[in-house]
Every structure is written in C-alpha cells, then in structure tokens.
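What follows is a short report on a single structure.
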2 protein chains.
Amino acid sequence: MDATTRPPGRPRQFEIDDALDKAIVVFSERGYYAASISELKEAMGLTAGSLYKAFKDKKAIFLAAFDRYKQVRNALLNQEIGAGCDGRDKVFRMLRFYAEASHGESGRRGCLVVGTAIELAVYDAEAAERVGRSMARSEALFDRLIREGQADGSITKTIDAGATARLMLSVTQGLRVLGKTGPDRDRAFAVIDTAIKLLD
Amino acid sequence: MDATTRPPGRPRQFEIDDALDKAIVVFSERGYYAASISELKEAMGLTAGSLYKAFKDKKAIFLAAFDRYKQVRNALLNQEIGAGCDGRDKVFRMLRFYAEASHGESGRRGCLVVGTAIELAVYDAEAAERVGRSMARSEALFDRLIREGQADGSITKTIDAGATARLMLSVTQGLRVLGKTGPDRDRAFAVIDTAIKLLD
DNA sequence: GGAATTGGAGAACGTTCGTTTCCAAATATG
DNA sequence: CATATTTGGAAACGAACGTTCTCCAATTCC
C-alpha cells in the first residue's frame, strides 16, 4: 500500500475529517433525527451525491462523526491529563476538562456521546456499543487515575477507587445534561470542586 | 364554574391522563422526533382525529406528556422524601429514588426531562423553560434537605449546601444518562452510596 | 324533538425526509 | 489518445411525516 499512489477516478475535492467536523456541530446541537440531510449538506458544504458516495447512509455519517468526535476529544483529554503532576491533579484536570465543555456555547452544543445515549442507544445496537465503550473507557480512566493518586499519596487510600470512579463519571455526564440549558461556568466548577473533596 | 356540569356535545370517550401515560412511555424511550404520530396513536389507542381534537399539534402532546410526567414523578418523590426521618435520610431517599429509576427497564426507558434537555431545549423556548424549572426545583429541593440535615445534626455543617446540592443534581442526571445503556442496579447504588459520603 | 356541538374513524392532504439516478468533470491506466 | 473509474452537482424518487378534512354517531341545550 503506497501512500503516495492515488486511486483511479476523479479525486475527492474535500477532506473527510473537515466535513465530519462540521457534521459533529450539527449532530451535537440538533441531535440525530432533527439534523436533516439538507442541514448536513449545507454545513458540510457538499451535495447529496458527494455525501452518499462518501457515506452509505445517514447513520453512517453519524457514526463516522461520532468516531471522529471521540478521537478528537480523547486526544485533547489525554493531553490535558498528561500535564498533571500527580494522580489527584490528573483527576482534577479530567473533571475540569468536562466542566469546561459543559457551559457556554459548547455546553449548549452538547456532547455527542450523551446525545447518542439518549436518542439512539436503546434501539440501535451499533450506537449502544459505541456509547457503552466510551463510558467504560472514561470510567476505567478515572479508576486508573484514582489508583495512581492513591499510590503516589495524593489521594487517600480509604476510598473505593471503583465506586468513586463511577461517581465521577456520573458527575461528568450529568454536567453535560445541565449544560444544555446553560448553568454558568462558576456553577459547573463548583460541582467539580465539591466532587474532588471525595479524594481527601 | 360548576364541576358537575358537562360541556355541550358528545363527551370524550377516553381519559386524557391515561392517554398521556401511554404517550410518556413512547416519548421517553423513543424521544420526541423518533416518536411518530402513528406510534403515539397506537400506544394511546386513539385515531388521528381524536388526537388532534384533544391537542393542537405534536408538540402540544409532548408538552402535556411532560407536565403529566413531572406531576406523577414529583408526587412519588415527595411521598418518598416524606418518609425520611431526618435531613440526611431524606437526601438519601431522594438519591435512591433516582438510582431506582436509572437501571433496568425504567433506566432504558429514560427520563423525559433529560431527553427534553438533549433533544429540544436548545431550539425550543417552551421546552427549555420546562427543563430549566425542573432542574432548578430539584436543585432547590436538595439544597433544602441538606440544610435541614445540617439543622438537625445528621449532616455536617462544614459543607457548602448549595454546591453540594448542585453536585447531587449532576449525579442524578448523570445516572439517568448511564441508565440508558444499562449499568446494573448495584452500580447505580454504589454511586449514590459514594455521593452520600460528602454529607459526613 | 330539533338544533348545535363534539368525538371517532379513516381517507386524503401537502411537505419534507432520506436516497437514487443521471450526466459532466476529473484522474489513472494502457 | 482511449478507456475505466470515481467524484460533483442537480434533479427526481418513493416513503413517511404531521396535519386536515369528511362523514357519521353520540350527547347536550333549548
């Protein structure tokens, strides 16, 4: 597989990832069903023909956008966590990452994972599996960071890492819901400041 | 306004609240957009004519179902809280009320408030106002119960009642999201058992 | 009893949806 | 240059949507 060779035929005139980034915005703030192909076409700057040559159907566009969203967000989150000095600081940075996303414009735009859980997960196995994996991943990450903190002495050993990780996950997902109707920045941060007390 | 006098014309042959209870189930598990009038007709046992004589349009059905949902749930919640022996016990009962609803069948069915926040609140002022009021009410209730516990000695006075109430609200809303993809009963209760530790 | 009003049932409405089709443009291969 | 293959663009498709209309039965008011 030579990366420089191009497949035959007219080359694609747009970047898939750029188009998906636009689709993410539409799907996030409108939801799956309310986001019409017309809206997606306009936002992505594509015609129906191009869209359906790049993606099988509407659900394929959505799932591709979901995967792109997860990829981008995970990269940002990992970068943020990497800057933490110990386990406790890393947990705090992870909480802050969600609080930052849960207010203002991005708060109103919403989280694609939460939206998928609410709108699609019950009746769509592919969507449910993606949501489940995302939640499990976040919970496992919280769990790992808490144990790391307990090992380096920044988090008390008396707490149950697993149960506390699940609580942190609940808090972050809840913040995403509350962010839809716009609690301000201070209120979101007051929540995570309270949650962090569980690590004492 | 005499309650015994009937308006002229043929009387309605179904109970509005019974029909709304069926609509609540459909709207909860399908969401607003995915719930078609056909589905609602079948679930409510009505024809299109009857439906549109009782409600202006689809959104009116939804808002009526939302209001009915809130009324029923609030009554159940108040009953549960009323059985609490002190502030701390009341907070625990309120958390348990949400944990109970966030797993199994009712967990998969989902919360109409959360669904409305995700699907409609951003673009619909009426929906947003209802969601906002519901969240504010829950937060105020947590706040009141925490202060009550601080007054009766069952909750430590060192915590910030307002901030802790907001955290509890985030936890409950988060549980509702997680319940969509089905964490089991034990996991939901482990979360509230952890949250309750903040009251020590 | 007759007029007026409402509910129930189902057909029919126009619109919008997601999707497909068709043709010209662009590029690879031989 | 010729051919195969793919994309871009616009029009067109059938299906499903929310809603309205029509007709008749049921009920109340006068």
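Chain identifiers are assigned alphabetically (A, B, ...) following the order of the sequence lines, protein sequences preceding nucleic acid strands; residue numbering begins at 1 within each chain. Please read all numbers here as calculations on a predicted model, not as lab measurements.
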How long is the line joining [atom1] of [X] and [atom2] of [N], in whole Å?
X: A/Asp57; N: D/dA15; atom1: CG; atom2: P; result: 18 Å
X: B/Glu42; N: C/dG8; atom1: CD; atom2: P; result: 17 Å
X: B/Lys59; N: D/dT19; atom1: NZ; atom2: P; result: 11 Å
X: B/Tyr33; N: C/dT16; atom1: OH; atom2: C1'; result: 14 Å
X: B/Lys58; N: D/dT20; atom1: NZ; atom2: C1'; result: 17 Å
X: B/Leu46; N: C/dT6; atom1: CG; atom2: P; result: 18 Å

* **Which residues share a salt bridge (Lys or Arg N to Asp or Glu O under 4.0 Å) with B/Lys53, sequence neighbours left out** =>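 For B/Lys53 there are no salt bridge (Lys or Arg N to Asp or Glu O under 4.0 Å) partners, ignoring immediate neighbours.
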* Qualifying residues under salt bridge (Lys or Arg N to Asp or Glu O under 4.0 Å), relative to A/Arg130, sequence neighbours excluded ->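 Salt bridge (Lys or Arg N to Asp or Glu O under 4.0 Å) list for A/Arg130, sorted by chain: A/Asp67.
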* **Close residues, residues 47-55 of chain A, relative to DNA chain D [heavy-atom separation under 4.0 Å]** =>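 Going residue by residue through residues 47-55 of chain A, the ones with a heavy atom under 4.0 Å of DNA chain D turn out to be A/Thr47, A/Gly49, A/Ser50, A/Lys53.
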* What are the residues of residues 34-41 of chain B, sorted by number, that bring a heavy atom to within less than 4.0 Å of DNA chain D? ->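 Under 4.0 Å from DNA chain D: B/Ala35, B/Ser36, B/Ile37.
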* Do B/Arg166 and B/Glu139 sit within salt-bridge range, that is, some charged N less than 4.0 Å from a carboxylate O? ->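 Salt bridge flag = yes for B/Glu139 with B/Arg166.
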* For the pair B/Arg147 and B/Asp143, find out whether any cationic side-chain nitrogen is under 4.0 Å from an anionic carboxylate oxygen. =>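 Yes, charged N to carboxylate O under 4.0 Å.
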* Pair listing, ring pair (Phe, Tyr, Trp, His ring centres under 6.0 Å) test, anchored in residues 49-82 of chain B, at least two apart ->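 Qualifying pairs, neighbours excluded: B/Phe27-B/Phe62, B/Tyr32-B/Phe62.
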* Reported CG-to-CD1 distance for the pair A/Asn74 and A/Ile81, which is rounded to 0.5 angstrom ->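 Output value for this atom pair is 9.0 Å.
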* Let me know which of A/Lys58, A/Arg30, A/Lys22 forms a salt bridge (charged side-chain N to carboxylate O under 4.0 Å, His left out) with A/Glu39. =>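 With A/Glu39 as partner, A/Lys58, A/Arg30, A/Lys22 yield a single salt bridge (charged side-chain N to carboxylate O under 4.0 Å, His left out), made by A/Arg30.
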* Asked: Under the side chain to side chain donor-acceptor pair (under 3.5 Å) rule, what pairs show up with a residue in residues 77-86 of chain A, not counting sequence neighbours?
  ->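 Checked against side chain to side chain donor-acceptor pair (under 3.5 Å) - neighbours excluded - the pairs reaching residues 77-86 of chain A are A/Glu80-A/Arg93, A/Glu80-A/Arg96.
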